Amino acid sequence: MSRYNAREAEPKWQAAWDEAESFRAERDPARPKYYVLEMFPYPSGRIHMGHVRNYAMGDVIARYKRARGFNVLHPMGWDAFGMPAENAAMANNTHPGTWTYENIATMRRQLKSMGLSLDWTREFATCDPEYYAQQQALFLDMLEAGFIARRKAVVNWDPVDMTVLANEQVIDGKGWRSGAPVERQERQQWAFKISDMADDLLSAIDDLKDWPDKVRLMQSNWIGKSRGLEFGFKTQGAPDGHGEVAVYTTRPDTLMGASFVGISPDHPLAKALEADNPDVAAFCAECRRLGTSEADLEKAEKKGLDTGITVSHPLDPNWKLPVWIANFILMDYGTGAIFGCPAHDQRDLDFCRKYDLPVIDTFFALDDDTPVAKDAFVPPKTEKVRWVNHFAGLDVATGQEAIDATIAFAEEHGWGKGVENYRLRDWGISRQRYWGAPIPVIHCETCGTVPVAKADLPVKLPEDVTFDRPGNPLDRHDAWRKVPCPKCGADATRETDTMDTFVDSSWYFARFCSPRAETPTDSADIDYWMNVDQYIGGVEHAILHLLYSRFFCRAMAATQHLPQSAREPFNALFTQGMVTHETYSVKEDGKTLWLTPEEVQRDESGNATRIGSRESVSIGATTKMSKSKKNVIDPEAIIEQYGADTARWFMLSDSPPERDVEWTNAGVEGAWRFLQRVWRLMDDLKYGDGAKPDSIGDSATALRRMTHSAIQGVTEGIEGFSFNKSVAKLYELTNALAKAKETGADMDFARHEGLRALCIMMSPMV
RNA sequence: GCGGGCGUGGUGAAAUUGGUAGACACGCGAGAUUUAGGUUCUCGUGCCGCAAGGCGUGGGGGUUCAAGUCCCUCCGCCCGCACCA
């Protein structure tokens, strides 16, 4: 009896596919195309189980579609710019490029050992000058077309390292390396004007029929369209130029309950006051230590400072409200100023109680006798409401009508206007880092910012840089930085900011269609291959990456790099769950010490001990595999031991693809045993030559029914992204075949048919 | 804090549209094969109960002839929050 030997079979066939370029995609107008793409990996060093899951799923689709007669494009590349390469450069005194390309070599080898049906001839890395040269060309076209602006934006500033920090590098308000308190700081930044396209990006979501509802909903909420009232409060005692404070509110119907006006610490009025009021300056400085993350701002204790300035209520000039600076008001949303209505907003109520501001009684009610609520009462938009304190003679039926009536009233009397507002902010792309695509712009004292001429592209990153000092090496690289102005020829300097890596990943899928073209895209290739028919990746990208890509394709269409039909690049989207594992830890000197799965042994009753020391190990939560908790299984070790097919089969079994899957040893063993079982079946079963006999008995008919029911179930499973159900059907068919021991020509025929179907149906998976 | 999702046996999960809850697999139990273990094969396995029977889809409430599925509410876990990729 033979055994399936993955260690021999897999490299053999992988080499054969490589040799024959079996998965090379060529344009062929005679055949329907299918473009399946998984989110390309960041070359962090080694592939992880999340990659295995992602690429195993994509490969099922690619091989399935190929088997159904489609001309399949299934490419792979590398999202290769980013911070980790610079961190590695600092830690190991290497060049980020060296580190990155070494990682790519390792990960390419590892991916190849998975037996994926990829067209490797199209491979590229975003840090290849050939790629970012084209990206710079796109930037120049988009700059000319008005999609890009230079404006102030807020960053995290580390005053010791003298560098800008990413939000994830700010830990408890301190820089991760220096430990110094981080400050919010404004800088001139390049930004894509994505908010100009907010309405189009929002309304087009309706047409993304094959995207998960949750992603469409998240994107809608992220764009966050609202209609409200914008109006000004006249100030008393404010510095010159601040005679009015403009506010935006989505609930103008609560205006009669206003008890204060709040402005952001970054509001122009707050800044004006800072200059000669030390209390204001101190308060604003404290607010700026909060960093830039919205979650941090929202979770922080709500604090405020009375500016001493007052404003008049628009409906009653004698009604004065105090102006407070409050740390929870975002400068980026609306006008950076609000009015607070404690009766109808919980946060405002908490704020008023804390600072002893007047709380006006509830003047909205659901019914006749609603008392003054202990908690703020938000008048529902869809239900019947009633104004208790009459609002200037208006009467309404629902909260929404109250809003509309108030806006109409304000417009009629000329003190405010109804406006549409979006939560979506412009996309700041400037990064004060070396390892990214240089922004192709030159700063000249007389001409201002001047685009680099297309003929001078690419603006290549200089190789001779060091990371032994804080800050961006480009800033101190005079040979690279100092250039003549393209316009006037005077001494000028290059822009030293590089592009956000999200730019790189916003069009790579289009580049895969013609990766060696001398222009960003080639229309013949784009017309044939775009759009991506199926895109697969983690749900953590549900908003930013996907939204930026949608924007970028619109901008590429407007600059003639894509057809209008590719404005929405991804026809169908699937978001997969994470790969998780148990965590193991021991206490050492009162501290938690995490252990890797290899350091832990489980006995029959499920208790865990540390290998070697035999101390008892506590089994913690099952969480996403991560280096910090050490609950990581290395795919390469699994592939060496069991083969890629076992790893792939396990990944596709049991757990629905959109849900998290827990990696377990038992599960891997089970997958391995099943593959052996199928191999054995082929050896053991008698199945003839497939000739159909004249008569077919009941047993053979039952087996044939099973075969065809499996064909239907497996097909539906793959089409519906329920690979676990396909796998279950394949188990059923395998069980039925193993039990079909009867002799006879009809049984030989039914077994032949069943085994053949089994092999074909398993082939996209293993 | 805000936005989104998830919760079904010991475990991963099935359950077209509101219509027999637990397909399939892991694990476990019993038996067979094997020098032994692994492997392989057969049978059993939601929970309580000797049984009859009862109870069961995170908790509570509701709609319905009928609820895992729809509605309300609470709890728990996970993802995102704009400079991680």
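Chain naming here is simple, since letters A, B, ... match the order of the sequence lines and numbering starts at 1 in each. Quick caveat, the model's predicted, so the values are computed rather than measured.
In this structure, the ring of A:Phe40 has its center no less than 6.0 angstrom from the ring center of A:Phe509. When ring centroids are compared, A:Trp427 and A:Tyr548 come within the 6.0 Å threshold. Aromatic pair A:Phe124/A:Trp78: ring centres not closer than 6.0 Å.
No engagement by A:Ser505 is indicated, since no non-hydrogen atom pair under 4.0 Å with the nucleic acid exists. At a threshold of 4.0 angstrom between heavy atoms, the contacts of A:Gly428 are confined to the sugar-phosphate backbone, with no base atom among them. Within 4.0 Å of A:Gly82, counting heavy atoms only, lie sugar-phosphate atoms of the nucleic acid but no base atom. Nucleic acid contact class of A:Leu424 (heavy atoms, under 4.0 Å, all strands): base. Among the heavy atoms of the strands lying under 4.0 Å from A:Phe502 is at least one base atom, whether or not backbone atoms are also near. Using a 4.0 Å heavy-atom distance criterion, A:Lys729 is classed as making no nucleic acid contact. Nucleic acid contact class of A:Arg433 (heavy atoms, under 4.0 Å, all strands): base. Counting any heavy atom pair closer than 4.0 Å across all strands shown, A:Asp332 reaches no nucleic acid atom. Among the atoms of the strands shown, none is found under 4.0 Å from any heavy atom of A:Ala542. Residue contacts shown for A:Asp500 are absent, as no nucleic acid heavy atom lies under 4.0 Å away. Among the protein residues, A:His545 comes within range of no part of the nucleic acid, since none of its heavy atoms lies under 4.0 Å from any strand. Contacts of A:Arg423 with the nucleic acid, taken as non-hydrogen atoms under 4.0 Å apart, include base atoms.
One can place NZ of A:Lys214 at 18 Å from P of B:rG3, the figure rounded to the nearest angstrom. Computed from coordinates, the A:Leu544 CG to B:rC84 P distance equals 9 Å when rounded to whole Å. The interatomic distance linking A:Phe721 (CZ) with B:rA14 (C1') rounds to 20 Å, in whole Å. Put simply, OH on A:Tyr548 is 12 Å from P on B:rA85, counting in whole angstrom units. Remark: P of B:rG1 and CG of A:Asp348 are 17 Å apart, rounded to the nearest angstrom. Here B:rG80 presents its C1' atom at 14 Å from CD of A:Glu298, a figure rounded to the nearest Å. Remark: P of B:rC83 and CG of A:Asp158 are 18 Å apart, rounded to the nearest angstrom. Rounding to whole angstrom units, CD1 of residue A:Ile205 and P of B:rG4 are separated by 13 Å.
Checked by distance alone, A:Gln189 brings a side-chain donor or acceptor within 3.5 Å of a matching partner on the base of B:rC83. Between the side chain of A:Gln432 and the base of B:rC83 there is at least one donor-acceptor pair of N/O atoms closer than 3.5 Å.
B:rA14 and B:rC77 are spaced 23 Å apart, taking the P atom of each and rounding to whole Å. Using C1' as the reference atom, B:rG60 and B:rA25 are 34 Å apart when rounded to the nearest Å. Rounded to a whole angstrom, the distance from the C1' atom of B:rG61 to that of B:rA15 is 25 Å. Rounded to whole Å, the separation between the P atoms of B:rC74 and B:rC26 comes to 41 Å. Nucleotides B:rA23 and B:rU16, compared at atom C1', are 15 Å apart to the nearest Å. B:rC6 sits 14 Å from B:rU57 when the C1' atoms are compared, rounded to a whole Å. Comparing the C1' positions of B:rG31 and B:rG7 gives a spacing of 38 Å, expressed to the nearest Å. Comparing the P positions of B:rG27 and B:rU11 gives an interatomic distance of 15 Å, to the nearest angstrom.
Under the 30°/60° scheme for interplanar angles, the aromatic rings of A:His545 and A:His541 are found to stand perpendicular.
Closest approach to the A:Asn221 side chain among B:rC84, B:rG5, B:rG3 is made by B:rG3 (side chain taken as heavy atoms from C-beta onward). Closest to the side chain of A:Arg680, out of B:rA85, B:rC41, B:rC24, is B:rC41. Side-chain atoms of A:Ser293 lie closest to B:rA82 of the nucleotides B:rA82, B:rC79, B:rC83. For A:Glu540, the listed nucleotide lying nearest its side chain is B:rA85; candidates were B:rC24, B:rC43, B:rA85. Listed nucleotides: B:rC81, B:rG4, B:rU42. Nearest to the side chain of A:Met218: B:rG4. Side-chain atoms of A:Thr501 lie closest to B:rA85 of the nucleotides B:rA85, B:rC83, B:rC84. Distances from the side chain of A:Asn167 to the nucleotides B:rC79, B:rA82, B:rG5 place B:rA82 closest.
A:Arg423 forms a cation-pi arrangement with A:Trp222, by the criterion of a distance under 6.0 Å to the ring centre and an angle within 45° of the ring axis. Cation-pi check for A:Arg216 over A:Trp211 is not met; the charged atom does not lie both under 6.0 angstrom from the ring centroid and within 45 degrees of its normal.
There is no side-chain donor-acceptor pair under 3.5 Å between A:Asn631 and A:Glu582.
Regarding contacts with the backbone of B:rA82, every side-chain N or O of A:Arg425 stays at 4.0 angstrom or more from both OP1 and OP2. Checking the phosphate oxygens (OP1, OP2) of B:rA25, no side-chain nitrogen or oxygen of A:Asn724 falls inside 4.0 Å. Checking the phosphate oxygens (OP1, OP2) of B:rC41, a side-chain nitrogen or oxygen of A:Arg677 falls inside 4.0 Å. Applying the 4.0 Å criterion to OP1 and OP2 of B:rG1, one finds that A:Arg347 has every side-chain N and O outside that range.
Comment: A:Glu495 engages A:Arg150 in a salt bridge, judged by a side-chain N to carboxylate O separation of less than 4.0 angstrom. At a threshold of 4.0 Å, the pair A:Arg288-A:Asp266 counts as salt-bridged, since one of the basic side-chain nitrogens sits closer than that to a carboxylate oxygen.
Around atom NZ of A:Lys193, more than 12 heavy atoms belonging to other residues, nucleotides or ligands sit under 6.0 Å away. Under a cut-off of 6.0 angstrom, the local environment of CG in A:Asp206 is crowded, with over 12 non-hydrogen atoms contributed by other residues, nucleotides or ligands. For NZ of A:Lys354, the number of neighbouring non-hydrogen atoms (other residues, nucleotides, ligands) closer than 6.0 Å is greater than 12.
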Extract from the structure each pairing of a protein N or O with an N or O of nucleotides 8-12 of chain B at less than 3.5 Å, listing the distance.
residue : atom : partner  : partner atom : Å
B:rG12  : O2'  : A:Ser655 : OG           : 2.9
B:rG12  : N2   : A:Asp654 : OD1          : 2.8

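Annotation: side chain of A:Arg177 is in contact with side chain of A:Met90 (closest heavy-atom distance under 4.5 Å).
Remark on RNA chain B: of its neighbouring residues A:Ile543 and A:Pro41, the 5'-side contact belongs to A:Ile543, judged by nearest-heavy-atom nucleotide. Between A:Ala80 and A:Tyr731, it is A:Tyr731 whose nearest contact on RNA chain B lies nearer the 5' terminus.
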Nucleotide-level pairing of RNA chain B, given in dot-bracket where Watson-Crick and G-U pairs need both distances under 3.5 Å and | marks other strands: (((((((..(((......[....)))((((((.......))))))(((....)))..(((((..]....))))))))))))....
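With a glycosidic angle no further than 90° from 0, B:rG9 counts as syn.
Between A:Lys302 atom NZ and A:Phe328 atom CZ the span is 7.5 Å, to the nearest 0.5 Å.
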